[in-house]
**Student:** 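I have a structure here, written as structure tokens, and I will follow up with some questions on it.
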Number of protein chains: 2
Amino acid sequence: MAQQSVSSDILMESLFEVFRCHGYEGTTLSQLSEVTGLQKSSLYHHFPEGKIDIVKAVLTYFSAQLHQHVIEPLLDSQKPPEKRFSNMLVTIKAFYSNGKKNCLLNALSLGEAKDEIKVLVSNDYNAWLDALNKLGKEVGMTRRDAEVWSERFLIVVEGTLVVQRLTSNTQTFENSMDYEKKQFLKLCGG
Amino acid sequence: MAQQSVSSDILMESLFEVFRCHGYEGTTLSQLSEVTGLQKSSLYHHFPEGKIDIVKAVLTYFSAQLHQHVIEPLLDSQKPPEKRFSNMLVTIKAFYSNGKKNCLLNALSLGEAKDEIKVLVSNDYNAWLDALNKLGKEVGMTRRDAEVWSERFLIVVEGTLVVQRLTSNTQTFENSMDYEKKQFLKLCGG
DNA sequence: GTCTATATAATGATAGAC
DNA sequence: GTCTATCATTATATAGAC
């Protein structure tokens with residue numbers, strides 16, 4: 001086979017998709033080799049400790065994407081809060097491919113997840129939760145209401161992704177996010 | 001080592017716990033051998049086709065438990081609907097060990113799940129959804145409201161289990177189920 | 001029905017050429 | 001930085017004794 005070479009972003013995207021689908025234990029180096037077009041030994045060149053190094057790099061990549069495309073726009077005070085929330089819904093609909101794709105955090109928290117992974121997963125969740133929390137307070141929710149609403153929103157995101165996989169109903173995620181939008185606008189008014 | 005022998009129920013419970021924690025791809029015969037105390041060749045005696053046979057048996061066992069302890073009590077017209085719902089919450093709090101344990105259906109829908117597994121997983125979800133749907137209509141919800149409420153309840157159950165794993169906050173699941181109880185009682189009244 | 005022993009395949013990991 | 005080749009380990013699966 002001809003020698004392969006891949007840009008860092010395309011490489012990370014490919015690796016990301018495998019872990020999001022199979023979780024840590026379910027992912028094999030053969031799969032990672034296949035999706036990247038790199039031989040296993042080439043993967044070891046980039047990631048000396050193998051699978052654990054790769055998943056850490058994937059989580060770092062994911063974290064950067066989350067901050068850039070979700071968290072920063074949520075906190076951008078130049079746009080009205082309602083617009084920022086509905087923009088986020090558009091972003092995550094695309095990110096989860098309308099519910100057809102898993103959440104990486106759910107996939108990686110399965111099994112006997114290593115502590116290194118747990119910390120990174122937990123940090124990402126908390127960063128997202130904090131941004132939503134601030135948004136809630138910004139639109140006039142009490143401290144307590146913002147806490148309840150932000151946690152509940154992420155529960156619904158994660159839960160809907162699971163339920164859509166259980167049913168193969170391709171509309172579940174979109175419907176659920178549209179419902180969340182309505183609820184948020186109500187809470188803004190009230 | 002002394003020869004092992006196990007009753008069918010204890011055997012199924014042990015096998016169940018492994019798949020619920022690791023998913024299908026993440027579970028190995030060595031783990032199943034260890035938790036059951038049976039050698040791998042003994043497992044093949046019970047389940048000739050290996051892992052796929054074991055997971056199908058686990059799903060059949062789970063399905064029976066779900067019908068016996070969750071679905072049938074939900075439809076038992078001898079008790080008031082509110083009581084049946086709160087009894088179910090007690091049952092599933094115990095079943096998920098207050099959110100410390102995964103949902104088998106979530107775990108088994110990860111990865112390239114085989115069609116045989118998908119069908120069984122989907123049937124269990126739908127059976128539970130249908131029972132909740134009937135309960136909703138029984139307490140006076142419209143057809144549409146009952147559909148929305150029952151799906152949303154299962155979304156919250158699955159999502160809360162994911163979020164609790166992401167945060168290691170041991171109260172998340174209990175809080176979330178208590179919230180669902182309040183919401184249900186409100187919907188009964190309204 | 002369980003065991004020990006073994007076969008076969010896949011996975012994780014390394015050495016060294018280009 | 002990628003490859004081929006190889007190795008050690010683990011995973012799946014089978015044979016046959018008790």
Side-chain angles (χ1 to χ4, degrees), chain A residues 1-59 61 107-108 110-117, chain B residues 1-59 61 107-108 110-117:
Chain A
M1 193 203 286
Q3 198 172 285
Q4 296 296 312
S5 182
V6 277
S7 94
S8 178
D9 261 28
I10 293 179
L11 182 68
M12 293 315 299
E13 281 290 338
S14 308
L15 297 169
F16 172 83
E17 289 299 327
V18 180
F19 282 106
R20 144 192 278 199
C21 178
H22 297 276
Y24 184 73
E25 294 171 340
T27 294
T28 68
L29 289 178
S30 302
Q31 290 172 312
L32 298 174
S33 168
E34 191 179 341
V35 295
T36 58
L38 292 174
Q39 294 297 328
K40 283 185 272 184
S41 53
S42 301
L43 288 173
Y44 276 98
H45 173 80
H46 291 281
F47 310 101
E49 293 185 62
K51 198 161 79 161
I52 185 68
D53 265 5
I54 300 180
V55 79
K56 282 196 273 184
V58 163
L59 271 165
Y61 173 80
L108 290 183
L110 252 199
E112 314 265 291
K114 321 212 173 188
D115 285 347
E116 302 167 276
I117 297 179
Chain B
M1 191 202 288
Q3 198 172 286
Q4 297 296 311
S5 183
V6 277
S7 92
S8 178
D9 262 26
I10 294 180
L11 182 69
M12 293 314 299
E13 281 290 341
S14 308
L15 298 170
F16 172 84
E17 289 299 327
V18 181
F19 282 107
R20 145 193 273 197
C21 178
H22 296 277
Y24 183 73
E25 294 171 341
T27 295
T28 67
L29 289 179
S30 302
Q31 290 172 313
L32 298 173
S33 168
E34 191 179 341
V35 296
T36 58
L38 292 174
Q39 294 297 327
K40 284 181 269 184
S41 53
S42 301
L43 289 173
Y44 277 100
H45 173 80
H46 291 280
F47 310 101
E49 294 186 61
K51 199 161 80 160
I52 186 67
D53 265 4
I54 300 180
V55 80
K56 283 195 273 184
V58 163
L59 271 166
Y61 173 79
L108 289 184
L110 252 200
E112 313 264 294
K114 319 211 176 190
D115 285 347
E116 301 167 281
I117 298 180

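Residue numbers begin at 1 in each chain, while the letters A, B, ... track the order of the sequences.
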**Student:** Rounded to the nearest 0.5 Å, what's the gap from CZ on A:Phe19 to CD1 on A:Ile54? Could you check?
**Tutor:**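 Output value for this atom pair is 6.0 Å.
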**Student:** Can you name the nearest heavy-atom pair linking B:Glu49 to B:Tyr44, along with the distance?
**Tutor:**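 Looks like C-CE2, 4.4 Å.
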**Student:** CG of B:Leu43 versus P of D:dA11: gap in Å, rounded?
**Tutor:**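 Result: 14 Å.
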**Student:** Grab the CG-C1' distance between B:Leu38 and C:dT4 for me, whole Å please.
**Tutor:** 15 Å
**Student:** Whole Å only: how far is the CG atom of A:Asp53 from the P atom of C:dA13?
**Tutor:**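 A:Asp53 atom CG is separated from C:dA13 atom P by 10 Å.
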**Student:** Just the rounded figure in Å: distance from P of C:dA9 to NZ of B:Lys51.
**Tutor:** 18 Å
**Student:** Is there a donor-acceptor contact under 3.5 Å from the side chain of A:Lys51 to the main chain of A:Leu29?
**Tutor:**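 Not at all, since once roles are kept as given, no pair shorter than 3.5 Å links the two residues.
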**Student:** Could you state the CD1-P distance from A:Ile52 to C:dT11, rounded to the nearest angstrom?
**Tutor:**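 Distance, rounded to whole Å: 18 Å.
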**Student:** Given D:dA11, C:dG12, D:dT12, which nucleotide is nearest the side-chain atoms of B:Leu29?
**Tutor:** D:dT12
**Student:** Tabulated below should be each protein N or O lying under 3.5 Å from an N or O of nucleotides 14-17 of chain C; please produce it.
**Tutor:**
none

**Student:** Can you tell me how far CD of B:Gln39 sits from OG of B:Ser33, rounded to the nearest 0.5 angstrom?
**Tutor:** 5.0 Å
**Student:** Verify the contact: side-chain N or O of A:His46 to OP1 or OP2 of D:dT2, cut-off strictly under 4.0 Å; return yes or no.
**Tutor:**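 For D:dT2, OP1/OP2 do have a side-chain N/O of A:His46 under 4.0 Å.
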**Student:** D:dT14 C1' sits how many Å from B:Glu49 CD, rounded?
**Tutor:**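 Those two atoms, CD and C1', are 14 Å apart.
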**Student:** Pick out which of A:Asp53, A:Leu15, A:Thr27 makes a side chain to side chain contact (heavy atoms under 4.5 Å, CB included) with A:Val58.
**Tutor:** A:Leu15
**Student:** Would you name the heavy atoms of B:Arg20 and A:Leu110 that are closest together and state the gap between them?
**Tutor:** O-CD2, 4.2 Å
**Student:** May I have the distance from A:Phe47 (atom CZ) to D:dT2 (atom P), rounded to whole angstrom?
**Tutor:**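 From A:Phe47 CZ to D:dT2 P: 10 Å.
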**Student:** With a cut-off of less than 4.0 Å, is there a side-chain N or O of A:Ser30 near OP1 or OP2 of C:dT11?
**Tutor:** yes
**Student:** Quick one: pull up CD in B:Glu17 and CE in B:Met12 and give me the separation to the nearest 0.5 Å.
**Tutor:**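 Answer rounded to 0.5 Å: 11.5 Å.
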**Student:** Can you tell me how far P of D:dT14 sits from NE2 of B:His45, to the nearest Å?
**Tutor:** 15 Å
**Student:** For B:Ser42, answer base if it contacts any base atom (sugar-phosphate contacts may also be present), sugar-phosphate if it contacts only those atoms, and nothing otherwise; contact means non-hydrogen atoms under 4.0 Å.
**Tutor:** base
